[in-house]
Amino acid sequence: MNQILINYQQVRQRITDAVNKADLEVVEPCLLAVSKKHSLDKIITLAKNGHKDFGESYAQEGVNKIEQCQYLSLIWHFIGPIQSNKAKLIAEYFAWVHSVDRMKIVKRLMKFRSADLAPLNVLLQLKVGDEASKSGASLTELLEMAAAVEVAETLSLRGIMCIPPSSQDFAEQKFYFMQAKEAFDVLKNQYKQIDTLSMGMSNDLEAAVECGSTMVRVGTDIFGKRPY
Ligand SMILES: *Cc1c(COP(=O)(O)O)cnc(C)c1O
């Protein structure tokens, strides 16, 4: 069997094991395959095996892949930092965006998403931990953005994404993910349609699942080390 399919099955198994270990109310999260910097043939291998959701971090690279994979009817998620001059491209091509971290971007996505398309699914990126280098909004900023997304007809407010500081310590990983879970519960209390908490990557997906992640984003452990 192809190595990518073997890796994929192993990641699926890790998710299932983590769900089984966790509290009863934890449900199996969706798996987003993060294909940034990986070649088209790897995406196609997974797509032909029935996988639909793929994540990209660079707008132009993502758009090129989306155009070349149109015949596969995949669901594309933008998960990288958003430069405001790329908001138009993202709004035109992607189905989801996970990394909305400031009001300027909300406004641009709102404006550039065509009313002919399904509303763009929006996750607001919460800053967790206090590393200055990590992007994301405070809870206050996040609630302001949520109100703006909620009233935008071309956008659909779906939840929260976070990228905590990387740690090898399970307790520390959970400490960060619990902050996102708490913010998620606050948001969900205000907006009943909220259903997505995007957190957990190759290195920390078990901790994220235990803290209630509904979508894990896995690159390396499916596709291998990124080529550059
Ligand atoms: C690259 C990336 C991932 C995947 O990380 P891996 O460690 O390769 O699993 C997940 N989320 C975001 C936002 C990323 O940029």
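None of the values given here were measured: they were computed from a predicted structure. Just so you know, ligand 1 is whichever comes first in the structure, and atom 1 is the first atom listed for that ligand.
Remark: aromatic rings of F54 and W76 are close, center separation under 6.0 Å.
Using a cut-off of 4.0 Å between Lys/Arg side-chain N and Asp/Glu carboxylate O, R102 and E141 are scored as not salt-bridged. Look at D221 and R14 and you find a salt bridge, because one of the NZ, NE, NH1 or NH2 atoms lies within 4.0 Å of a carboxylate O, short of that distance.
Contacts of N2 classified as side chain to side chain contact (heavy atoms under 4.5 Å, CB included), with partners at least two apart in sequence or in another chain: I4, L5, T45. Residues satisfying the side chain to side chain contact (heavy atoms under 4.5 Å, CB included) criterion with A59, sequence neighbours excluded, are F78, K86, L89, I90.
Annotation: salt bridge (Lys or Arg N to Asp or Glu O under 4.0 Å) contacts involving residues 175-190, sequence neighbours excluded, comprise K181-D185.
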Check ligand 1 for close polar pairs with the protein: N or O on both sides, less than 3.5 Å.
from     : atom 1 : to   : atom 2 : distance (Å)
ligand 1 : 8 (O)  : T220 : N      : 2.8
ligand 1 : 8 (O)  : T220 : OG1    : 2.5
ligand 1 : 8 (O)  : R226 : NH1    : 2.8
ligand 1 : 8 (O)  : R226 : NH2    : 3.4
ligand 1 : 9 (O)  : S202 : N      : 3.1
ligand 1 : 9 (O)  : S202 : OG     : 2.5
ligand 1 : 9 (O)  : G219 : N      : 2.8
ligand 1 : 11 (N) : R217 : NE     : 2.8
ligand 1 : 15 (O) : K36  : NZ     : 2.7

